[in-house]
Every structure is written in structure tokens, then in C-alpha cells.
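Small disclaimer: the values here were computed from a predicted structure and weren't measured. If you read the sequence from its start, that first residue is 1, and numbering goes on from there.
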Amino acid sequence: MTVSASITSSSSDLATESARSLYEKLVVLLKDISHINGISSLLGWDQMVMMPKNAEDARANHMSVLDATIHDMETSPILGALLEECERRRLAGELSNELNPYELANIRIALKSYRQETLVPKDVVRALATSTAKANGAWKEAREASDWSKFAPLLEEQVMLTRQKAAYMINGGVCEEARKINQKARAAQGLSDEDECYKGYYQVLVDKFESGFKVDRLQVLFADLKKDLIPLIAKIKAKNFQHENGFLKGDFDIKKQAEFSDKFPTRMGFDMDAGRLDESTHPFCSNAHPTDVRLATRYASDNFQEGITSTIHETGHALYEQGRNKEYVDTPVSSPLSVGIHESQSLLWERLVMLSKPFWTYALPLLKEQFPDRENLQAVDVDQFYLAFNRVEPTLIRLEADEVTYSMHIILRYEIEKALIEGDIQVADVPALWNAKMKEYLGLDVTEDRLGCLQDIHWSVGIIGYFPTYTLGSIYAVQIYNHAREEIPDWDEHMAKGNLTVLKEWLNKNVHESGSLHESGDDLIFGLTGKPLDSSLYVKYLTEKYTTIYDL
């Protein structure tokens, strides 16, 4: 007899089951969902890395059916009955002595997901999956042609369907903060419940990626960052001086770049027997399972920094995936509830480690070995290389941005996607608004869509509300980095000798294995450092570092 059949036959008697029996039956179902999600992840990886172009329509159908199947599993009455009975007992105080904190967290996370998913009709789920698969193909074509109009109709469909899903969430009461925002906006505009109003919808999307983080708080945080970072960028620009970086210019053979960069995942602690590294249009990390983590990076012959930066960034994600709690690996608690925390892991490696002088004390000799014929590179010392690699130069491309200007790229995207979802702008308005904000924030003129509104993959794969997590990740990263330096003796010596796994092991223990044991990124940061999330530490780090580099 299958577990599902067993539960069905006795669902009316769940109240008589022991807590342990209930939980074990629940975990069987949760693991099945995890495994099917793993299949979906692998299909997504294949679509981005090696799927034939003519397979796009077929893949859209595959993903549609698979997402509908996952939706059925996540909303099954059997799962719901188990979760509701577990929750009833938790509220009655009957589980704390029977289950450990990780098991209780699994129930909490699965119940929240169940209540959200049961609100969304299957036809909307399937429509979103089909639209996403087609939108991604349209984005690739539009990016190649540098023509927003080729992507715009698919994005309009994505926005419409995303709003539909958010509306079900709000009306179903699973995001109280979004409901409050929506009701307040309706009252202010004199609208009835039947009138169209999308205010608060973005809160639903943010909560998906950064549980419990309020958009109002995000608005204040980003306003503060603009207040601090725009003047810092202006001060650097006013120096009218740049450190020499001619040795990083010119044609760097992509094969040799890959040979150099490919060494670092394993040196950081990534297990190649449980993953692989490929190339794609957009760098990413696919998390089918901790034993099968797929990385994708990209290289540019005329931009050496892009390849090594992308590789180390995505490896930071991958180390989290491989470091997940092994005992609960196929259950919700093993994955991060806070995407910002996940992003902090890649940004910690990419910026706070890879941009540091100790790192290049170790890595520069390896780079010189890889490119022995580049005389200007051979003549550079680590101080010169460090200054060159940390140049602040506003760029149109987010993935090429330095760490001072990077958050301005994120704030730009956040402001546009929030306005788009909440109905303040239309899809057709995006290119002009993007170009205007790029000019205002970074003083740059966007010459074509490929270098502006078409550069990121996120909207084409239905990920709206994710961009803020990059800057939240930067803030988390500095706070985690500061604490790691306090707890790891001889930090600089370890980095200078290439002992990178000392950080990976510390992160495994203090961040990765926790997963979603904490209810939010705020809770994890406070539990780890004893202090709440503090953006002033991020600003302090940037200000002190670049005041020294540019003698401000």
C-alpha cells in the first residue's frame, strides 16, 4: 500500500495518530515534492545551457505539465489534512516535546506554502509556466536583436498572470501586509473592492523571496542608500583619476580564461562530483539537489573580470546548496527562506573575498602562469592589481558593475518592476524610464536595449520581486563577513595562502546548515551576530574602503 493510500484510508482518524507518525507521513509527501522540483530545475538548466532552439515549444509544454503536477502535489487534500492536524497540535502546545526545531520548521514552511498554493487555480499555474517558457525564448531573441518590442508582448502576459496570482494570495489572506496596502490605496482613491487596484501586489512578490520583509521598509532602506551612495560615487568621479588597469585590457583568450576560473570552485570547496560548471547567456546556479548542483558562467574576451567574477559569484550560491543540512536535505527547512541570505553567500565570495588584496596575493601568480605572454600583466604587483580590480566606473551592465555602483543598478530595477506590477507604468514605458534612471543615478546614456532593459533574464523567467534581494544580500554579506573575520583567526593569512575552504566550512556551520530554521533573514542575522540587519555597516564598508583607494 502506498503512503498516500494509507493516509487516505485513515484521514478521518489523524487525531489519533502519534505526532511522530504524522510527521513521518508528512515528510514522505514533502520529499516527493522536492524530487519533482529537482526535475523541474534540471529542465530549466537544460533550457538555459544546451537545449536545441527548436525545442522551445516542446519545453514550454513540458514545464506546463510538470508545474501543474507539482501544484497538484502541493495542494493535495492529503497533504493539507496532515499539515492542518500538525498545526492544530502545535498551537495546542503538543508538538514541542515530540519534534525538534528542524521538524517544527518543516511543518511551518510547508503549511505556509500549502495555504498559498491552494489559493491559485491550476489553470493560472499552467498558464504562467507556459508563458514563462515562451517569454524566455522571446527574451533571448529580443536581446540578440536589441529590440524591446520583441519581448514586450510576452512580458505583458507575464505581468498580467503574476498579478492574477498575487490577487489570489491577497484575497486568500496569506499576505496580510499586502492586503493592508491594497485596502489603504483603495480607500485613498475612493475605489470599491471590485475596482482595479494593484497596490500591494509587489509586497506579495517580495514576501515570496524575502519572507516578512516589508516593502515600506525596503523603500526607506533604498532611499537611504541613494542618499549615501550617489554622493560617494560623485566624490570618486570628481577626483578625475583612475588607477591604471591597462594590463586587464585587450583580448583574453576565452579558453584560457575558463581554465583559470574553473580552478576556483574546487579551491573554494565545491565538490565537482556533486555538480558541474558550464557556460550560458546568463550566469546562474541550478539547485536540483545538493548532490547535483549545476553552475553556469560566461566569459567575454574583452572583459577578463566578467568571467572570474561570475564564476566565483555562482560558486558562492553552489556552496550554499551543497552545504544544506544533510539530515533534512529533501525537506523545506534545508532551503533558504531568505533569498537575500542566499545572495549574501555569493556576494561575500565575489566582493569581500575576491576583491580583497589577500585573495589576489594568492591568485595573481596563478593568473600570470595562465597568461605568460602578457608582458604588462607579468610586471604588475599585487597592490597595483588590487587597485585596478577595484576601480569604480559606472557601467551600463549590472553584471559588470563595481561594488560601489552595483546597488544603484538594483534600485533602478526595483523601482521599475514595482511600478510595472502596481500599474503605475506600462510595459511600453520600460525602455525610456530605464534610460532616464540610468542617466540620473549613474550618469550614463543607454544606446540600445541590449545594454539596458534587455540585459537581465529575471522577468523573462517570471522572477519579479527578486531584484531587491541582491542589495539585501550585499548588506547581509558585510554583516556576516565582519562576524566571520572575528571568529576565524588569521583571516588574511588564510586568504593569501589560498586556504579558501576555511571560510566555506565556517559558512556551512553558521549559515548553510541552518536553512530556514530561522523564519527570516533578519532572524538569522540576529541569531548569528547578535545584531539586527544594519545597512549602515554596508555603507561604512564601502565608504572606508574606497576613501582609501581614491584618497577622498
Side-chain angles (χ1 to χ4, degrees), residues 40-64 66-67 126-163 165 205 209 278-286 294 296-298 300 306 310 314 396-401 409-410 412-421 425-435 437-438 446-467 469-470:
S40 178
S41 179
L42 287 175
L43 284 177
W45 169 85
D46 175 75
Q47 183 176 10
M48 297 302 300
V49 174
M50 58 193 307
M51 185 186 79
K53 181 180 170 89
N54 290 346
E56 287 177 355
D57 287 344
R59 183 54 48 86
N61 292 330
H62 298 158
M63 298 302 290
S64 175
L66 191 57
D67 281 10
R126 293 191 69 156
L128 262 170
T130 302
S131 175
T132 296
K134 291 181 178 179
N136 185 244
W139 168 75
K140 290 179 181 178
E141 181 182 346
R143 187 175 184 272
E144 185 175 345
S146 197
D147 184 354
W148 176 257
S149 68
K150 292 181 179 295
F151 176 53
L154 276 300
L155 181 58
E156 287 174 352
E157 185 176 63
Q158 291 277 77
V159 169
M160 178 193 70
L161 291 168
T162 300
R163 286 174 179 164
K165 186 173 181 178
L205 305 181
F209 301 112
D278 294 275
E279 295 180 38
S280 73
T281 304
H282 193 99
F284 69 97
C285 172
S286 176
R294 311 290 179 97
T297 189
R298 74 180 183 196
E306 182 175 345
S310 296
E314 299 306 333
L396 294 172
I397 305 300
R398 176 180 65 87
L399 289 176
E400 298 174 8
H409 286 266
I410 299 307
L412 177 154
R413 288 154 173 78
Y414 152 76
E415 291 173 345
I416 290 176
E417 68 177 13
K418 181 176 183 291
L420 195 57
I421 286 296
I425 63 171
Q426 304 301 313
V427 168
D429 301 327
V430 170
L433 184 58
W434 183 294
N435 298 352
K437 286 181 179 292
M438 185 62 71
V446 180
T447 55
E448 55 179 313
D449 292 345
R450 179 179 60 84
L451 302 176
C453 53
L454 282 173
Q455 65 183 271
D456 295 300
I457 193 175
H458 301 64
W459 296 340
S460 79
V461 293
I463 301 177
I464 303 175
Y466 190 104
F467 277 121
T469 66
Y470 287 115

- Any idea how Y466 and H458 line up, ring-wise: parallel (<30°), tilted (30 to 60°), or perpendicular (>60°)? tilted

Do the side chains of [Y] and [X] get nearer than 4.5 Å, heavy atoms only?
{"X": "W148", "Y": "L155", "result": "yes"}
{"X": "M51", "Y": "E56", "result": "yes"}
{"X": "I457", "Y": "T281", "result": "no"}
{"X": "D278", "Y": "W45", "result": "yes"}
{"X": "Q455", "Y": "L451", "result": "no"}
{"X": "E279", "Y": "R298", "result": "no"}

- SB check K134 D57 (cutoff 4.0 Å): no

- Query: Are D456 and R398 within salt-bridge range, i.e. N to O under 4.0 Å?
  - Reply: yes

- Donor-acceptor under 3.5 Å (S310 side chain, E306 main chain): yes

- Query: Just by modelled atom types, is the A129 backbone N or O under 3.5 Å from a matching donor or acceptor in the D67 side chain?
  - Reply: no

Output the distance between atom [atom1] ([X]) and atom [atom2] ([Y]), rounded to the nearest 0.5 Å.
{"X": "E417", "Y": "I464", "atom1": "CD", "atom2": "CD1", "result": "6.5 Å"}
{"X": "S460", "Y": "L154", "atom1": "OG", "atom2": "CG", "result": "9.5 Å"}
{"X": "C453", "Y": "D429", "atom1": "SG", "atom2": "CG", "result": "11.5 Å"}
{"X": "H409", "Y": "L399", "atom1": "NE2", "atom2": "CG", "result": "9.5 Å"}
{"X": "L205", "Y": "R163", "atom1": "CG", "atom2": "CZ", "result": "10.5 Å"}
{"X": "D46", "Y": "S41", "atom1": "CG", "atom2": "OG", "result": "11.0 Å"}

Closest heavy-atom pair and its distance - [X], [Y]:
{"X": "S64", "Y": "R126", "answer": "OG-NE, 3.4 Å"}
{"X": "G452", "Y": "W434", "answer": "O-CZ2, 3.2 Å"}
{"X": "P283", "Y": "S280", "answer": "N-OG, 4.0 Å"}
{"X": "L161", "Y": "A127", "answer": "CD1-O, 3.6 Å"}
{"X": "D449", "Y": "S146", "answer": "N-OG, 3.3 Å"}
{"X": "N136", "Y": "M48", "answer": "OD1-SD, 3.6 Å"}

- Compute whether any side-chain donor of one residue and acceptor of the other, for W459 and Q158, lie under 3.5 angstrom apart. no

- Message: Can a side-chain donor-acceptor contact be found between E314 and T297 if the only test is distance below 3.5 angstrom?
- Response: no

- Task: Take V446 and L396 through the side-chain contact (heavy atoms from CB on, under 4.5 Å) test and state the conclusion after the steps.
- Result: CA-CA 7 Å; V446 180; L396 294 172; 3.7 Å; yes

- Test log, rule side-chain contact (heavy atoms from CB on, under 4.5 Å), inputs R59 and L43: CA-CA 8 Å; R59 183 54 48 86; L43 284 177; 3.8 Å; yes

- Task: Kindly indicate, with the supporting measurements, whether the criterion side-chain contact (heavy atoms from CB on, under 4.5 Å) is fulfilled by S40 and M63.
- Result: CA-CA 7 Å; S40 178; M63 298 302 290; 3.4 Å; yes

- Evaluate the criterion side-chain contact (heavy atoms from CB on, under 4.5 Å) for residue pair D147 and R450; output intermediate values, then yes/no. CA-CA 7 Å; D147 184 354; R450 179 179 60 84; over 6 Å; no

- Message: Taking the ring centre of each residue, are F467 and Y414 less than 6.0 Å apart?
- Response: no

- Just wondering, more than 12 heavy atoms not from Q426 lying within 6.0 Å of its CD? no

